[in-house]
Amino acid sequence: MTFAVTVGGNSVECGEDQALLDACLRAGVWMPNSCNQGTCGTCKLHVVAGEVDHGSSPVETLSDEERCAGMALACQARPRGDVELRPQGTSAARTANPLRDMVGTVREVSDIARDTRRILLGLNEPLTFDAGQYVELVVPGSGERRQYSLANTADEDKVLELHVKLVPDGVATHGWLFDGLAEGDEVDISGPLGDFHLPPESEDDGGPMVLIGGGTGLAPLIGIVRTALRRHPAREVVLYHGVRGEEELYDGDRLTELAEQHPNFRFVPVLSHEPADGYREGFPTDAFVEDVSTARGWTGWLCGPPAMVEAGVKAFKRRRMAPRNIHREKFTPADA
Amino acid sequence: MTTTERPDLSWLDEVTMADLERNPYATYERLRAEAPLAYVPVLGSYVASTEEVCREIATSPDFEAVITPAGGRTFGHPAVIGVNGDVHADLRTMIEPALQPAEVDRWVDDLVRPIARRYLEQFESDGQAELVAQFCEPVSVRSLGDLLGLHDVESDKLREWFAKLNRSFTNAAMTSGGEFANPEGFVEGDEAKAEIRSIVDPLIDKWIEHPDDSAISHWLHDGMPPGQTREREYIYPTIYVYLLGAMQEPGHGMASTLVGLFGRPEQLEEVVDDPTLIPRAVAEGVRWTSPIWSATARISTKPVTVAGVDLPEGTPVMMSYGSANHDTGRYEAPTTYDLHRPPLPHLAFGAGNHACAGIYFANHTMRIALEELFEAIPNLERDTRAGVEFWGWGFRGPTSLHVTWEV
Ligand code: HEM
Ligand code: FES
């Protein structure tokens, strides 16, 4: 008889007389352990669902209170059925904004820069999300899904704003969003998704922030920046927008206006390949390293092509930003 | 039992303490291959070198604990590592309350994090540091020192004590006549103990009259009838166990983990970017270079046969956990630090009823220290102008670790 043991996204098989730790380690799933004899407590974890037999767990290592609170020693406990475990020190998943399937109606399609469109999708029911999250669009006829970040703040919940870059031969862009999409069209949407968003307002201390967006990677940063400044109007915020040339820049007016209202907010467009008068040249991550001598105590936000995100992480660490404060949008805009 | 021909181990006659202290691995690799339980002349003792034999002896009902001769000469009796039965039970009952996981959880973060921060603040803007002396050892000794009630003893003094006690405890060379080969090697340990007594005796006097929440105060009072305390002569040997191993090893563990990670830059980056990987990195660090490499022993309580070797009753065997953790029968490429190696339990904290009492506290101390280090200096690099040397047979770790970073 074996049961399924789920921990941190992994599922392993565990015999009814096998210790949870043994099953995990044998399956190559690491969890903290040291003595393997129930005496040190290193393997203590939370049983989130299901029941375990504590076996010979000593009360000195696992008190009755801890047992009642759903804790177990993985090196001693045996499953009594399927169980779900959570390692100690990891917090229970935040109640996420519920994922929904919905139909949106195209309100506006506008060309805002070279090969770049803004698409506004109206919803019947408002969507609950955090600024910075993304949605998936179903590409008609192909069943394929593509991910696009929302440029909205959380209260702009009835009309979703997406920024889309043309991908040569891309099914979603070349074949649809840049070809034939018209006002009034209906679009199948799922969302919100992702963990690229600010902490809840109660945990946001208003500390300095730097955000770097490459191309349409600017979209979620527009939602995040506006949210952050609304919470703390005087906070120090620098937003870099990296593009190849001036023709790819957009929303400059919107951001300049924001900078006028918030003296500690700076917007810095940076051109990598086609220099132009009045603009910074090079990569936005290098511009950050030039401008900011220390980013200790800052939070950092990165959305763009993988190479830019990698470079951003390095740049932030070089300026001594704590790695746990570095946020990156992990999905790669793929549309080939 | 059929007696096969015993391997020729005459090569062991050539092995010196200095060889073992510089690098014990080659000798023990050969022992594991040729004789997992062997008599090693320079140590004047049997040695268990494989994972299987160490585990078997450490958990066997036919063995009990014994302190090594040099250890006994250094600590005196009754040290928790060398006693059995009621005395061992009493000493474990005395030390365990402060080290229970639920208890440690209550205060370990508030204890260790500010200490780590304080040491980091002293050098984080310098762009370079020697982490063993400036961070790993100080965080290790200050955390435990404050827990024990030794707030007024400088961290550098605690570091000096563990280093002196270490060299005395591991002054293990024996003559063929069974005498200590270097009796003068115990002098610095004796000096350290005299100094320890001159500082701790008055504290004990104070705690006898005015108990407080420090660990040693509890050792004196807990479980005793009202008005009585444990005799100081009874607890000193275990105080020395703490002032050596418990003070030194979390520092060794952190430093070895860092050296291991510096050898795998992509794994270092992973751990810096995701601090939840630190416990795994530390577990591999203490497997890779076990801080308590070979310092404890067991003794047979009746005639037994282990690994094909007949041992009469009363035969001491040294536990070489640092060797067991490099057992190729268990680990692929054990000399390589690899955060992602298939996870298996290791023996860095020993096994059986004398397994380390401080595992939980030690693991959390190392975790918190490295969390703070990587948070403050995420761009840490090894300073390749200086090499890294490891030293030690009984206890092992890097002697220094020079690092640089951009400020
Ligand atoms: C990374 C750090 C440490 C390592 C690798 C370590 C490892 C060990 C090992 C291998 C033993 C011998 C076990 C045996 O013979 O089977 C031991 C014993 C012991 N350790 Fe640790 N230790 C560490 C830190 C600590 C700390 C911080 C404390 C206390 C606060 C502590 C308290 C003890 C005690 C009391 C014993 C003797 C147990 C007995 O004989 O009953 N250790 N340790
Ligand atoms: S590993 Fe020590 S209690 Fe489970």
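Throughout, a chain's letter reflects where its sequence line sits, starting with A, and its residues are numbered from 1. Scope of the values below: all heavy atoms of this structure, side chains included, with no hydrogens, waters or symmetry mates.
- Contact annotation for B:Phe374: only backbone heavy atoms (N, CA, C, O) come within less than 4.5 Å of a heavy atom of chain A.
- Taking CZ from B:Arg55 and CG from A:Asn36, the interatomic distance works out to 6.5 Å, rounded to the nearest 0.5 Å.
- Contact count against chain A (heavy-atom pairs under 4.5 Å) is highest for B:Asn363 among B:Leu347, B:Val104, B:Asn363.
- Interface remark: B:Glu103 contributes no atoms to any contact with chain A (heavy atom separation under 4.5 Å).
- Note: B:Glu375 CD to A:Met321 CE = 11.5 Å, rounded to the nearest 0.5 Å.
- Using a cut-off of 4.0 Å between Lys/Arg side-chain N and Asp/Glu carboxylate O, A:Arg320 and B:Glu406 are scored as not salt-bridged.
- Most heavy-atom pairs under 4.5 Å with chain A: of the set B:Glu124, B:Gln100, B:Arg280, this distinction falls to B:Arg280.
- Looking only at heavy-atom pairs under 4.5 Å with chain A, the residue among B:Ala355, B:Gly350, B:Pro101, B:Pro342 that has the most is B:Pro101.
- With rounding to the nearest 0.5 angstrom, the SG atom of A:Cys43 is 10.0 Å from the CD1 atom of B:Ile359.
- Ranked by non-hydrogen atom pairs under 4.5 Å with chain B, the options A:Met31, A:Glu66, A:Glu60 are led by A:Glu60.
- How far OG1 of A:Thr61 is from CD of B:Glu96: 8.0 Å, rounded to the nearest 0.5 Å.
- Contacts of A:Thr42 with chain B are made by both backbone and side-chain atoms, with heavy-atom separations under 4.5 Å.
- A salt bridge does not link B:Asp273 to A:Arg324: none of the charged side-chain nitrogens sits closer than 4.0 Å to a carboxylate oxygen.
- You'll find the side chain of A:Trp30 reaches within 4.5 Å of the side chain of B:Pro279, heavy atoms only.
- Contacts between B:Ala348 and chain A at a heavy-atom distance below 4.5 Å are absent for every atom of the residue.
- Contact of B:Asp105 with chain A is made through the side chain alone, with heavy-atom distances under 4.5 Å.
- For B:Ala283, the part lying under 4.5 angstrom from a heavy atom of chain A is the side chain only.
- In this structure, the portions of B:Pro345 lying under 4.5 Å from any heavy atom of chain A include both its backbone and its side chain.
- The shortest distance between side-chain heavy atoms of B:Phe349 and A:Ser34 falls below 4.5 Å.
- With hydrogens and angles ignored, the 3.5 Å screen pairs a side-chain donor or acceptor of A:Gln37 with a backbone N or O of B:Gly352.
- Ranked by heavy-atom pairs under 4.5 Å with chain B, the list A:Pro32, A:Ala322, A:Pro323 is led by A:Pro323.
- Contacts of A:Ser63 with chain B are absent, with no heavy-atom separation under 4.5 Å from either backbone or side chain.
- Using a 4.5 Å cut-off between heavy atoms, B:Tyr360 contacts chain A through both its backbone and its side chain.
- With a threshold of 4.5 angstrom between heavy atoms, A:Thr39 does not approach chain B through any atom at all.
- Side-chain contact between A:Lys317 and B:Glu269 is present, with heavy atoms from C-beta onward closer than 4.5 Å.
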